[in-house]
2 protein chains.
Amino acid sequence: MTIQQPQTRIQKKNREAILDAALGVFSDHGFRGATLDQIASAAGLSKPNVLYYFASKEAIYTALLSGLLETWLDPLRAIDPDGEPVDEILGYVMRKLQMSREYPRESRLFANEIVQGAPRILDQIEGPLKELVDRTAGLFLGWMDDGRLARLDPHHLVFSIWATTQHYADFSAQVTSILQTEGDAHIDQAETFLRDFYRRALLPDSP
Amino acid sequence: MTIQQPQTRIQKKNREAILDAALGVFSDHGFRGATLDQIASAAGLSKPNVLYYFASKEAIYTALLSGLLETWLDPLRAIDPDGEPVDEILGYVMRKLQMSREYPRESRLFANEIVQGAPRILDQIEGPLKELVDRTAGLFLGWMDDGRLARLDPHHLVFSIWATTQHYADFSAQVTSILQTEGDAHIDQAETFLRDFYRRALLPDSP
DNA sequence: CGTCATCCTGACCGTTTGGTCAATAATTTC
DNA sequence: GAAATTATTGACCAAACGGTCAGGATGACG
């Protein structure tokens, strides 16, 4: 896609610092709520210097989004069509929950974007994301036909996994406020719950 | 709480128009992303006139939030402790999904607020919301002890219901983009899926 | 060391934003 | 229908915002 310019070490360092700072600021305040001054300050650079590396605020944002979508879909791609259906899906749930634990900023960045109508990544959703989800749904359907997985709408099964796992990153303010937990503790609990929950829902009825 | 000022008919009409307009604008763009001009325009009023009825942009926002939280929790309060456990919870899931269908703006308003750390309603979450959830969790626990409901962490069960139902309002851009549905159709599908899904997960194992 | 490209910044600009205010218009009240 | 109250607005303001630019500092390299 993008031409690989010969990046100097300073460029590499500062581009990374800016993207990391922007990830924090954008995920906390959304695109409109974030300011270049906040990003520059968080990156330890001056505002004009930030704009020396990225053409605009929007350029930083889209660079973040497109760079992250890949990582975000990896757990879905890692489902093994030759594995045991329930275990494979439970594994996917756990990997997705793990991402909520390790990358809450990334999760909230997407959440912010999609809640507001996904104006800047709708094409990526309609394209590669839809394709991957459709393919996975087909795999699930096959497993259901073989009687190795409870019969449920496969697309909505994927949605439920996204919803229940990302919830712990996107709405952690609410969750920790109700559970009165600190740090990661609520995700430890979620791990146990989601394993039980999905196992019950997914195990096919004995014939 | 608030003193009931003798509201004139004009006050009533314009306050409602402003809150309705603000609901649309805030849910689409978040607090920071929304502007008073957008709200005023959507309400059919001039900006200074909007500020004649509300002291500030923030006052409009908090008026919306606190006025809506009640409505938002009603479905949870409607769970009947004397009903059949699985049916009661399935009913709650359906009512909550119905709210995603009828009040997507309200759902996205809360989503925006909580994703960004719930800075303006954290106390209401830690107070009345937590209390209601704790009480409901206790009810669920009792049902589990009686063997009338599968044993699962009751708090996280509530979270899963919030996550899976609100997902269809908050992330409808993504869902409809993947399903290629129009309007409400994705929620019709969700209804069937969630009924099957939760029935499987909640029915206790036969003794 | 010299020179050339890269890196960085203070000062600045036009626009947008939340909010004010004095003056005017519309309604209600007596 | 006059007086008093409520409603509405155009003009305005200060601050914040995204972004520009000329020029200086710093680094890479022969």
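Residue numbering restarts at 1 for every chain, and letters A, B, ... go by the order of the sequence lines. Heavy-atom basis, side chains included; hydrogens, waters and symmetry copies ignored.
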> Where along residues 30-39 of chain A does a heavy atom fall under 4.0 Å from DNA chain D?
Replying inline: A:A34, A:T35, A:L36

> Where along residues 109-117 of chain A does a heavy atom fall under 4.0 Å from DNA chain D?
Replying inline: none

N/O donor-acceptor pair under 3.5 Å between [X] side chain and [Y] backbone:
| X | Y | answer |
| --- | --- | --- |
| B:S107 | B:P104 | no |
| A:K57 | A:F31 | yes |
| A:R200 | B:L203 | yes |

>> Nearest whole Å is fine: how far is D:dT26 P from A:K13 NZ?
In response: 14 Å

> Going by number, which of residues 47-57 of chain A have a non-hydrogen atom under 4.0 Å from DNA chain C?
Replying inline: A:P48, A:N49, A:Y52, A:Y53

>> Can you give me the bend angle of the helix from C:dC1-D:dG30 to C:dC30-D:dG1? Use the axis through the first five pairs and the one through the last five, nearest 10 degrees.
In response: 20°

> Can you pull the contact range of chain A along DNA chain C, 5' to 3', using atoms under 4.0 angstrom from its heavy atoms?
Replying inline: C:dT6 to C:dT17

>> Taking side-chain hydrogen bond (donor to acceptor under 3.5 Å, both in side chains) as the cut-off, I'd like each qualifying pair that reaches into residues 76-89 of chain A, sequence neighbours left out, listed once.
In response: A:E70-A:R77

> Going by heavy atoms in the side chains, are B:I79 and B:F140 under 4.5 Å from each other?
Replying inline: yes

> Are any of the side-chain heavy atoms of B:H29 and B:Q38 separated by less than 4.5 Å?
Replying inline: yes

